[in-house]
Amino acid sequence: MVDDPRKSNDCVNKVVGNFGNMNLKLTGLGNDTPKENIVMSPAKDEPVIASGNNKVTTIDNSAPIRSDLTSYAKLVIGEPRRKSVNFRTLIAPVGNGADVAILFKSIRAISKWFSNTAYGFLLEKRVTYLVVANYVRNTWTKYRLVKSMLNSSNGLFFFKFSSKDGLDAMLENGPWFIRNSAFILKQWNLNVNLQKEDVGNVLVLIKFHGVRMTLFSGDGLSIIVTKLGTPFILDSYTFDMCMQSWGRSSFAESMIELRADEELKDTIVVSMPKLIGEGFNMIRVEYVWKPLTCSSCKVFGHDPNVCPKRIVSDVVKSLNNP
């Protein structure tokens, strides 16, 4: 014969519970609560617990039921629902031959989320998002970087900063390189076309080997560097050599802005005046990273053999001459 579970003291050991549409809150109960002391209140028709010390505890049935909670976890912690997206049927005016037209207020509302945001891509190399995210997290935290993401459809990375000052400081302290590949970065704005653009100018770190000590000066290095591109900045050791004519003299190092329509020379011959006659100095150029240059479309980032313009031209020729 099975005992009636209602006669067991265990049925009143719970402190908090939920039964059907009634919230239960039992207090002052223990394993020693006699079952005969549980009676119904004649006035309110609700259970009453009578204890031995004449203290009466009632089961609270007055707490309202939270109809907006959809799980037990939310019921316990009282977490409200997340904000919902107003996804609905919406018809907007259409013009200029378009199928649909997006409301400008919608674009402006979304653009607020992208304030203090930079976007960009790595020239030539394909680097995984985890590598980029780890680099910027370790390097740009001092600029108040908040988060980053990758748009895999166009290969663009996005970086959100907590303030415009942090964003500006990051851009001003560039250029930035990941695995010796230039990171092409720009500030996001409402009218930007989020596509990889052709790059005709790029900053590259270059070493000049065989520079004579008499050439370590502002004028001397400027003349040499200008043969390749636009001088940007000297490294600290080269700067010290120019200022004191003492230090690392084995090579000079500088950041230079290269142009895709200019030849990337491997050597530079310098005419050196002497007290008697004239001499020459052969300088070897070492590119820490040498970008691919297309001689056809005059941009960096791809080889002439895989130039999109050339491929399209070859396809057109094959169609015209089957």
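Since this is a predicted model, take the numbers as computed values, not measurements.
Listed by first and then second residue, the ring pair (Phe, Tyr, Trp, His ring centres under 6.0 Å) pairs involving residues 222-270 are His209-Phe251 (not counting sequence neighbours).
Both Val132 and Met170 are part of a single hydrophobic cluster, where members link through side-chain heavy atoms under 4.5 Å apart. Both Leu167 and Phe183 belong to a common hydrophobic cluster when Ile, Leu, Val, Met, Phe, Trp and Tyr are linked at side-chain heavy-atom distances under 4.5 angstrom.
Of the possible donor and acceptor atoms, one in the side chain of Lys160 sits under 3.5 Å from a partner among the backbone N and O of Trp113. Using modelled atom types, no side-chain atom of Asn134 and backbone atom of Leu130 make a donor-acceptor pair closer than 3.5 Å. With Ser115 contributing its side chain and Lys112 its backbone, the two residues share a donor-acceptor pair below 3.5 Å. A donor-acceptor contact shorter than 3.5 Å links the side chain of Arg88 to the backbone of Asn86.
Here the shortest heavy-atom pairing between Ser162 and Asn116 reads O-ND2, 3.9 Å. Contact detail for Tyr143 and Ala169: the closest heavy-atom pair is CD2-CB, 3.8 Å. What you find for Gly247 and Met241 is that their closest heavy atoms are N-SD, 3.3 Å.
Side-chain contact between Leu264 and Lys290 is present, with at least one heavy-atom pair separated by less than 4.5 Å. By the 4.5 Å heavy-atom criterion applied to side chains, Tyr119 and Thr117 are not counted as neighbours. Leu123 places a side-chain heavy atom less than 4.5 Å from the side chain of Phe121. Proximity of Leu234 to Glu253: side-chain heavy atoms (C-beta onward) are nowhere separated by under 4.5 Å. When side chains are defined from C-beta on, Ile268 counts as touching Phe208, because their heavy atoms get closer than 4.5 Å. In this structure, Ser148 and Tyr129 have side chains that are in contact, with non-hydrogen atoms separated by less than 4.5 Å. Within the 4.5 Å cutoff, the side chain of Leu221 has heavy atoms near those of the Val211 side chain. With a 4.5 Å cut-off on side-chain heavy atoms, Tyr287 and Leu228 count as touching.
Rounded to the nearest 0.5 Å, atoms CG (Leu90) and OG (Ser106) are 7.5 Å apart. Taking CG from Leu203 and CE from Met255, the interatomic distance works out to 6.5 Å, rounded to the nearest 0.5 Å. Atoms CD1 and CG, from Ile206 and Leu258 in turn, are 4.5 Å apart once rounded to the nearest 0.5 Å.
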Carefully, step by step, assess Val131 and Arg179 under the rule side-chain contact (heavy atoms from CB on, under 4.5 Å).
CA-CA 10 Å; Val131 172; Arg179 295 186 174 179; 3.7 Å; yes
For a side chain to side chain donor-acceptor pair (under 3.5 Å) check, start with the C-alpha distance between Asn151 and Ser153, then their side-chain angles and the critical distance, and finish with the verdict.
CA-CA 6 Å; Asn151 185 331; Ser153 64; 2.5 Å; yes
Apply side-chain contact (heavy atoms from CB on, under 4.5 Å) to residues Thr230 and Ile256 and explain how you reach the verdict.
CA-CA 6 Å; Thr230 303; Ile256 303 173; 5.6 Å; no
Assess the residue pair Leu156 and Leu150 against the criterion (side-chain contact (heavy atoms from CB on, under 4.5 Å)); give the C-alpha distance rounded to whole Å, side-chain angles, the decisive distance to 0.1 Å, and a yes or no.
CA-CA 6 Å; Leu156 292 178; Leu150 167 67; 5.9 Å; no
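Residues that satisfy the side-chain hydrogen bond (donor to acceptor under 3.5 Å, both in side chains) test with Thr238, not counting sequence neighbours, are Asp235, Arg248. Lys186 meets the salt bridge (Lys or Arg N to Asp or Glu O under 4.0 Å) test with Glu197; sequence neighbours excluded. For Lys147, the salt bridge (Lys or Arg N to Asp or Glu O under 4.0 Å) test picks out no residue, with sequence neighbours left out. Contacts of Thr267 classified as side-chain hydrogen bond (donor to acceptor under 3.5 Å, both in side chains), with partners at least two apart in sequence or in another chain: none. Scored by the salt bridge (Lys or Arg N to Asp or Glu O under 4.0 Å) test, Arg259 finds Asp261 as partners (sequence neighbours excluded).
Residues Trp140 and Phe159 place their aromatic rings such that the two centres sit under 6.0 Å apart. Here Trp188 and Phe114 bring their ring centres to under 6.0 angstrom of each other.
Residue Leu103 qualifies as enclosed at atom CG: its count of foreign heavy atoms under 6.0 Å is above 12. At most 12 non-hydrogen atoms from other residues, nucleotides or ligands lie less than 6.0 angstrom from CD1 of Ile102. The environment of Arg212 atom CZ is dense: over 12 non-hydrogen atoms of other residues, nucleotides or ligands sit within 6.0 angstrom. A 6.0 Å sphere centred on CG of Asn138 holds more than 12 heavy atoms belonging to other residues, nucleotides or ligands.
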